[in-house]
Amino acid sequence: MKTTNIVIGALVAAGVVWGGSTWYIGQQAKGQIDKSVSNINEFLAQTAPNISLSEVSYEKGFLSSTGIYKLNINLPDLPEELSNITFLNKVYHGPLPLIQEGSFTPALAISTTTLINNDNTKVLFDAANGQEPFVSSSVLSFDKEIENTLKTATLKFVDKNGEITAEPMHAITHTNLDFAFFNTEATGGAIKAKGESTASLSMDGFKLSNKTTRTAHKNYIGDTSLTFGKFNITSSDQSIAIDSVDVNASTTESSAGLLNGDITYSVNNINVNKIDFGTTALKMTMNNLDMKALNEFSRATASLDLSSASFEEEELADHFETLFVKLADAKLEFRIEPLRIKATSGEAVLNFGVAFNGEKASAESRESTELFAAESLRKANLSFSIDDNLIKEYGSGIIQISEGTDKAEADAQAQILAAMANLAAEHSGMAIYKDGKTTSSVTYDADQPEDSQIDFNGKKMGLNEFAMRASSLLGFAGTSAAPALLNEEELFQALENETETETETEPAE
């Protein structure tokens with residue numbers, strides 16, 4: 001009998017402890033959810049000031065609680081039914097939140113979030129064919145960290161103009177209640193669209209990987225990669241295919257709390273009407289980016305209705321001017337190094353860069369945006385190189401597509417285009433043609449003596465001299481190149497004249 005009493009007592013005690021801990025953690029979970037909502041709104045205020053999250057209701061139970069939340073979207077011209085979207089959030093209390101379902105995973109809380117089916121979301125439920133359009137499941141650990149899994153159903157949107165089908169997406173994100181870091185891995189299924197006619201578009205899904213942490217200056221830094229699968233766009237008379245698109249970004253922070261970042265884009269194996277246009281890649285670098293200034297600009301312009309008839313362009317211009325001054329004062333640097341177009345037998349490369357320092361500008365210049373920009377610009381560079389073979393390849397492809405000519409005829413016309421480009425480069429003085437390649441380079445350094453701030457294709461000169469020379473050279477004044485650009489016959493005549501002149505001036509051996 002004693003043994004039985006002991007067992008019963010233990011069970012009662014366990015029940016009391018279980019009930020007390022479940023009640024206590026249920027109390028804690030609500031507080032943590034409120035904190036999470038507050039942190040979300042703080043995050044959105046910085047990154048998307050037109051969006052906020054609010055609680056509609058919260059019913060607390062013993063083992064679980066139910067909350068309804070509303071996503072408020074305040075964008076000009078946004079249909080009213082899209083301005084707020086409501087979610088149902090079911091929270092299961094710890095310490096064993098899903099014990100009633102046979103799961104013994106310890107956690108502070110586990111929640112499941114789904115859309116509420118109403119007039120605002122009906123289009124999504126219709127597209128999901130009766131399934132939940134999206135389900136978000138989160139586990140809140142006792143360490144206050146969150147693991148969120150997001151899944152979408154296959155969505156098919158149909159109207160009189162055509163249909164769009166998006167295969168399921170799956171994403172897993174690790175963060176904490178303070179959003180001090182985000183680690184995300186996501187994949188998305190294929191997307192297909194068909195129009196009324198024969199036009200169609202398809203993409204073979206995407207893959208996203210993101211690892212970022214928040215700094216003391218509230219900047220998020222880290223690495224992100226995004227890859228889109230094969231694109232296909234077709235119409236009755238044209239087709240475009242791209243093997244893949246890759247985007248990679250990496251950010252760091254300076255000791256002053258300014259953001260430094262590299263972003264690379266690569267559009268791989270572009271094919272138009274079965275004509276190969278190679279790969280286009282771009283690398284952008286930005287240093288000393290003042291994110292606080294950008295966020296202030298975003299908040300200041302969030303309520304502007306750019307489509308309104310009463311919209312004042314001057315107001316937006318004023319915000320842009322304020323932003324530019326703050327970015328220049330932070331010594332913003334921006335570079336494209338390089339933009340590269342690579343075809344089968346040739347390539348073109350473009351490099352561009354600017355560096356500002358507002359401290360070098362006079363106090364008077366701050367009354368004029370143009371003057372401030374001129375004085376705060378400290379360094380700049382622009383250079384390019386382009387192979388004859390790329391001009392021929394691209395020229396032939398464009399002529400085949402735009403004029404419907406066969407490849408042989410298009411190649412012949414492209415040969416002429418390449419010769420015209422070479423002649424223009426040689427006679428304009430703005431570029432150098434050598435060994436089948438046209439190149440040009442100009443750099444500006446405000447810290448050099450005034451008569452040598454410009455380096456133009458290896459020649460030092462002042463800014464005014466360069467401006468006058470560039471104006472004259474771009475006009476092709478006094479050269480045989482100008483009439484040669486008018487038609488093929490004059491072009492070839494000019495080429496012959498140049499060849500004869502070079503031969504006559506060559507010294508005898």
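Below, each value reflects all heavy atoms present in this structure, side chains not excepted, and no hydrogens, waters or symmetry copies.
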Run the numbers on S376 and N357 for side-chain hydrogen bond (donor to acceptor under 3.5 Å, both in side chains), then give the verdict. CA-CA 5 Å; S376 63; N357 185 352; over 6 Å; no
Worked check of side-chain hydrogen bond (donor to acceptor under 3.5 Å, both in side chains) between T227 and D246: CA-CA 5 Å; T227 297; D246 298 319; 3.2 Å; yes
Decide yes or no on side chain to side chain contact (heavy atoms under 4.5 Å, CB included) for I398 and F277, but give the supporting numbers first. CA-CA 10 Å; I398 292 170; F277 282 87; 4.2 Å; yes
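Counting non-hydrogen atoms of other residues, nucleotides and ligands closer than 6.0 Å to CD of E403 gives a total above 12. For Y265, the OH atom counts as loosely surrounded, since its 6.0 Å shell holds 12 or fewer non-hydrogen atoms of other residues, nucleotides or ligands. Counting heavy atoms of neighbouring residues, nucleotides and ligands inside a 6.0 Å radius, atom NZ of K151 does not exceed 12 of them.
The shortest non-hydrogen separation linking N273 to D237 is ND2-O, 3.8 Å.
Under 3.5 Å, the side chains of N120 and N84 contain a donor-acceptor pair of N or O atoms. Looking at N118 and T121, their side chains do bring a donor and an acceptor atom within 3.5 Å of each other. Side chain to side chain, T405 and Q400 fail the donor-acceptor criterion of an N or O pair below 3.5 Å. Donor-acceptor pairing under 3.5 Å is lacking for the side chains of S52 and N41. Using modelled atom types and a 3.5 Å distance limit, the side chains of D276 and N269 yield no donor-acceptor pair. Side-chain polar atoms of S200 and T234 form a donor-acceptor pair below 3.5 angstrom. For E59 and T66, the side-chain atoms include no donor-acceptor pair closer than 3.5 Å.
Ring geometry, F134 versus F87: the interplanar angle falls from 30° to 60°, so the pair is classed tilted.
Rounding to the nearest 0.5 Å places CD of E147 at 6.0 Å from CD1 of I172.
The aromatic ring centres of F356 and F372 sit 6.0 Å or more apart.
Paired with S136 under the rule side-chain hydrogen bond (donor to acceptor under 3.5 Å, both in side chains), one option of N148, T114, T113 passes, and it is N148.
Salt-bridge check for R366 with D329: passed, with a basic side-chain N closer than 4.0 Å to an acidic carboxylate O.
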Show the atom names and distances, to 0.1 Å, of all donor-acceptor pairs under 3.5 Å that link a side chain in residues 152-162 to residues at least two apart or in another chain.
unit_1	atom_1	unit_2	atom_2	d
T152	OG1	M169	N	2.8
D159	OD1	N161	N	2.8
D159	OD1	G162	N	3.2

